[in-house]
Amino acid sequence: MENTLSTEPVAKGSTGADKKKRKPVLNLLSPVSPRQAIILGIIGGIVFFLIWEFGHFMTPEESKRFLPSPQHVLSTLYTLLTEKGFLSDIGISLFRIIGSFTAVCLVAVPLGIFMGCFDNMRALINPVVSGARYLPAASFIPLLLVWFGPTDTQKMALLFLGVIFFLVALILDNTRAVQKELIEAALTMGASRKQIVFGVVARAATPAILDSMRNMIAVGWTYLVIAEIVAAQDGIGAVMMRAGRFLKADVIMAGILTIGLLGVMTDIAFRLIAHYAVPWNRKRSN
Amino acid sequence: MNAGTQTHSHSSRSAVIRSVDAARRYLGGKFTAVENVSLDFMKGQVTALVGPSGCGKTTVLRLISGLEEPTEGQILAGGKPIEGPGPDRGMIFQAYTSFPWLTALGNVEYGMNILKVPKAEARERAMQWLETFHLGDFADAYPAELSGGMKQRVAIARTLAQNPAVLLMDEPFGALDAQVRWEMQEMMIEILSREDKTVILVTHDIQEAIYLADRIVFFTSNPGRVKHDIVLEFKNGHRFARKEEMLKQRDYAEIEAQLFVWMREEIQKTG
């Protein structure tokens, strides 16, 4: 039969309702409500712990202590916090990451915006900066140990080197992505270079810059742990490394869990900062 | 005076903007965007620059704005050569340029802050401009909360609040849907009846050009040059508050047809 339009839409519709096509689970361009997102997130978390629990269950009895159960890791974490002074290690790690990431941002944000605004400065600086991204920061560890010894400075310097070149590159991109017409509009209104760099480009790029910072602090955690594993008496990484020497898998896993939780918390902190510092960029629900 | 029309007079005929044999070439002269442009833009006159894509009409506007410099010839504003952009030549872009981090009110104040208008006065004048553009209720709204037409009204209000001698408009309503575009055109007529601005308008929309302009400059492409320069005599100095009043004019269809013929010549030339 020809593929013509039905002349009886009502009749068609009533039969069609019974065999209404179910939406596929993987549906393109199908948004998820905040409530659904929370439920799905919780399900994902439960599945993760179930897999972990299952792995523990399947492990032969004599090896079980190398893959402790989630409950055991949580109770180890509790003991660490209450009896072993783990809180001060967390504090030291937080001090290192916040200190060095602040230093990174103080350099990378102005430098990235500056390079993004002025093409000749970009041409001057960018080859060095983008080339430096290919140097593995971990390869600086011996040099940093020679220079600073196993100090806080050494650890913060490693984190600084590991993150800064990437953050500059990201902020350069964020700045260059600012709509050209915003700058031209400001120029035709008689705005000065200073007014445009600080009042137009920097402000227009702020949401993207905060996103870049949020993504790079996650990388910062990686370098912090590397630094603390290599040479430290204190900090989360040092605690884990010491535990490793005594094959205490539960302590190592408690440390990993702690870093994960702290990472999520820094992520949330950056989202809150963005929410309040850039109210004009909030996703509007309408 | 006819009902629904405003008489518009050119009492003092002096060129506010004068282009003297201006050319803009790129790639060290290998590519010519526009050349041999000698045009006088008179005080209070609304001129539409029309022509096929790539005819250099936007380039001419950008040369006048000072965002680009002519490679040959000269462009004078108020008798002096143009040295870069300035608030005497306000520009409206096709892309939305209202600053997303400022409220509608903040946007309109922005231009006046640059001109160091005292804060209280700037606020008062900004509110008046928002009222003029029917945005009084949206003073505290961010551009993300406004429709395309409203964003463009904020941008125009912001520019006019600086009281520029010349208003440069680059496809200002090109991104808007047909109905909003029409409303914006009538709003421009309303504003122009009060402000008596010199306006240079780049548009693809032939009807818009005829409706808003007193004069139409038609460009040809490859290389971009002025081909025709006509004054819309049939309007006889009137600006029609309602678009249909203009459409009813006897000579309107003839002008529109003429512009289509010129456009077709250009298309056939390149195609």
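Letters A, B, ... mirror the listed sequences (proteins, then strands); counts begin at 1.
For chain B, the nearby part of Gln179(A) is the side chain; its heavy atoms alone come within less than 4.5 Å. Of the two parts of Val200(A), the backbone and the side chain both hold a non-hydrogen atom closer than 4.5 Å to a non-hydrogen atom of chain B. Within the 4.5 angstrom heavy-atom criterion, no atom of Thr103(B) approaches chain A. Residue Tyr96(B) touches chain A through its backbone alone, counting heavy-atom pairs closer than 4.5 Å.
Salt bridge Asp173(A)/Arg176(A): absent, no basic N to carboxylate O contact under 4.0 Å. Salt bridge status for Arg181(B) with Asp205(B): present, with a side-chain N to carboxylate O gap under 4.0 Å. Arg24(B) and Glu72(B) are not joined by a salt bridge, as no carboxylate oxygen comes within less than 4.0 angstrom of a charged side-chain nitrogen.
Highest contact tally toward chain A, considering only Met91(B), Gln162(B), Gln94(B), is held by Gln162(B) [criterion: heavy-atom pairs under 4.5 Å]. Chosen from Pro143(B), Gly111(B), Ala95(B), the residue pairing most often with chain A at heavy-atom distances under 4.5 Å is Ala95(B).
A side-chain N or O of Thr203(B) and one of Glu208(B) form a donor-acceptor pair less than 3.5 Å apart.
Relative to the six-membered ring of Phe99(B), Arg158(B) meets both conditions, a distance below 6.0 Å and an angle of at most 45° to the axis.
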